[in-house]
**Student:** 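Quick one: the structure is below, and I'll ask about it shortly.
Numbering of residues begins at 1 and proceeds along the displayed sequence.
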Amino acid sequence: SLSVQQSPRHLTKRPGNTLKMTCSHHDRNYDQIYWYRQTDGQKLQLIGFLSFKQALDVAENFNISGDAEDEGFLGSLAVRVEDTGLYYCAVSKAQ
């Protein structure tokens, strides 16, 4: 079965700090990594995704990089108060 690892598990940042999170799965059959944010019990919001090595539909203030067949990264050069929330990654096969 597929194992998806997201790190760090817990992260606290002050506004203006940089951010980097990792999502890895090590199964080359899965070639897309999606990043989501959930704020205050609201629905998940798509931040953007990585298809192979190309970042697509990335929300303002974030960057996505890596190789979706192995490991992807979500980053920000300067987090804002409004970036507060729970972050999740998910992997998928291209349709």
Side-chain angles (χ1 to χ4, degrees):
S1 70
L2 179 66
S3 174
V4 178
Q5 306 290 325
Q6 182 177 328
S7 63
R9 291 178 58 85
H10 303 282
L11 184 65
T12 302
K13 293 286 186 176
R14 293 185 183 277
N17 286 167
T18 61
L19 165 75
K20 185 173 184 181
M21 289 187 274
T22 303
C23 183
S24 58
H25 60 84
H26 310 301
D27 183 337
R28 299 193 75 72
N29 291 315
Y30 291 82
D31 49 25
Q32 295 181 333
I33 295 178
Y34 291 81
W35 286 99
Y36 297 92
R37 177 178 60 211
Q38 186 175 32
T39 57
D40 297 327
Q42 300 297 313
K43 294 188 295 185
L44 292 176
Q45 298 173 300
L46 179 64
I47 298 170
F49 69 101
L50 188 63
S51 181
F52 293 95
K53 295 180 182 178
Q54 182 178 5
L56 301 165
D57 299 331
V58 183
E60 179 186 347
N61 202 46
F62 291 97
N63 56 72
I64 294 175
S65 61
D67 180 349
E69 291 182 305
D70 182 49
E71 187 172 60
F73 306 98
L74 174 68
S76 175
L77 294 176
V79 295
R80 307 165 300 186
V81 171
E82 57 265 35
D83 296 327
T84 299
L86 299 174
Y87 288 78
Y88 301 95
C89 72
V91 302
S92 178
K93 297 178 183 180
Q95 300 298 318

**Student:** Once you measure the plane-to-plane angle for Tyr30 and His25, does it fall in the parallel (<30°), tilted (30-60°) or perpendicular (>60°) bin?
**Tutor:**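 Judged by the thresholds at 30° and 60°, the geometry between Tyr30 and His25 is perpendicular.
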**Student:** To the nearest 0.5 angstrom, please state how far the CZ atom of Arg37 sits from the OG1 atom of Thr84.
**Tutor:**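 Here the rounded value is 8.5 Å.
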**Student:** How close do Asp31 and Ala68 get, counting heavy atoms only, and between which atoms?
**Tutor:**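 Heavy atoms of Asp31 and Ala68 come nearest at O-CB, 3.2 Å.
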**Student:** State which residue, out of Arg28, Lys53, Lys93, fulfils the salt bridge (Lys or Arg N to Asp or Glu O under 4.0 Å) condition with Glu69.
**Tutor:**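 Among Arg28, Lys53, Lys93, the one that satisfies the salt bridge (Lys or Arg N to Asp or Glu O under 4.0 Å) with Glu69 is Arg28.
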**Student:** If you compare all heavy atoms of Lys20 against all heavy atoms of Pro8, which two are closest, and at what distance to 0.1 Å?
**Tutor:**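 The pair with the smallest heavy-atom distance is O-CD, 4.0 Å.
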**Student:** To the nearest 0.5 Å, what is the distance between CD1 (Ile47) and CG (Asp83)?
**Tutor:**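 Those atoms lie 8.0 Å apart.
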**Student:** Take atom CG in Asp40; do more than 12 heavy atoms of anything else shown fall under 6.0 Å from it?
**Tutor:**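 Counting neighbours around CG of Asp40, 12 or fewer heavy atoms of other residues, nucleotides or ligands fall under 6.0 Å, so no.
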**Student:** Decide side-chain hydrogen bond (donor to acceptor under 3.5 Å, both in side chains) for Gln38 and Tyr36; before the verdict, give the C-alpha distance in whole Å, the side-chain angles of both, and the deciding distance to 0.1 Å.
**Tutor:** CA-CA 7 Å; Gln38 186 175 32; Tyr36 297 92; over 6 Å; no
**Student:** Should Cys23 and Leu74 count as side-chain neighbours, where that means a heavy-atom distance under 4.5 Å?
**Tutor:**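 Cys23 vs Leu74: side chains apart.
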**Student:** Do Tyr34 and Leu86 share a hydrophobic cluster, counting only Ile, Leu, Val, Met, Phe, Trp and Tyr and linking them when any side-chain heavy atoms are less than 4.5 Å apart?
**Tutor:**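 Looking at the clustering, Leu86 is in the same group as Tyr34.
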**Student:** Hey, is the main chain of Asn61 close enough, under 3.5 Å, to the side chain of Ser76 for a donor-acceptor pair?
**Tutor:**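 Yes.
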**Student:** Using the rule that two of Ile, Leu, Val, Met, Phe, Trp, Tyr join whenever any of their side-chain heavy atoms come within less than 4.5 Å, decide whether Trp35 and Leu46 are in one cluster.
**Tutor:**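 No, no single cluster joins them.
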**Student:** Would you kindly confirm whether Ile33 and Leu19 end up in one hydrophobic cluster when ILVMFWY residues are joined by side chain heavy atoms under 4.5 Å apart?
**Tutor:**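 Yes, one cluster joins them.
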**Student:** Honestly curious: do Tyr88 and Val79 fall in one hydrophobic cluster under the side-chain, below-4.5 Å linking rule?
**Tutor:**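 In one cluster with Tyr88: Val79, no.
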**Student:** Of all residues at least two apart in sequence or in a different chain, which pass the ring-ring contact (aromatic ring centres under 6.0 Å, His included) check with Phe73?
**Tutor:**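 None.
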**Student:** Look at atom CD of Glu60 and say whether more than 12 heavy atoms of other residues, nucleotides or ligands are closer to it than 6.0 Å.
**Tutor:**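 No, CD of Glu60 has 12 or fewer neighbouring heavy atoms, counting only those of other groups under 6.0 Å.
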**Student:** Is it the case that atom CG in Leu56 sees more than 12 heavy atoms from other parts of the structure closer than 6.0 Å?
**Tutor:**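 For Leu56, atom CG is crowded (more than 12 foreign heavy atoms under 6.0 Å).
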**Student:** For Thr39, does its backbone N or O pair with a side-chain atom of Gln45 as donor and acceptor, under 3.5 Å?
**Tutor:**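 Such a contact is absent between Gln45 side chain and Thr39 backbone.
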**Student:** Check the side chains of Ser3 and Gln5 for a donor-acceptor pair under 3.5 angstrom, ignoring hydrogens and angles.
**Tutor:**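 Present: a donor and an acceptor within the cut-off.
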**Student:** Under a 4.5 Å side-chain heavy-atom rule over Ile, Leu, Val, Met, Phe, Trp and Tyr, are Tyr87 and Leu50 clustered together?
**Tutor:**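 Cluster IDs for Tyr87 and Leu50 match.
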**Student:** Considering all heavy atoms of both residues, which atom of Val81 and which atom of Pro15 are nearest to each other, and what is their separation?
**Tutor:**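 Nearest pair, atom of Val81 first, then Pro15: CG2-CG, 3.7 Å.
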**Student:** Is there a side-chain contact between Asp57 and Phe49 (heavy atoms, below 4.5 Å)?
**Tutor:**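 Result yes, sub-4.5 Å side-chain heavy-atom pair found.
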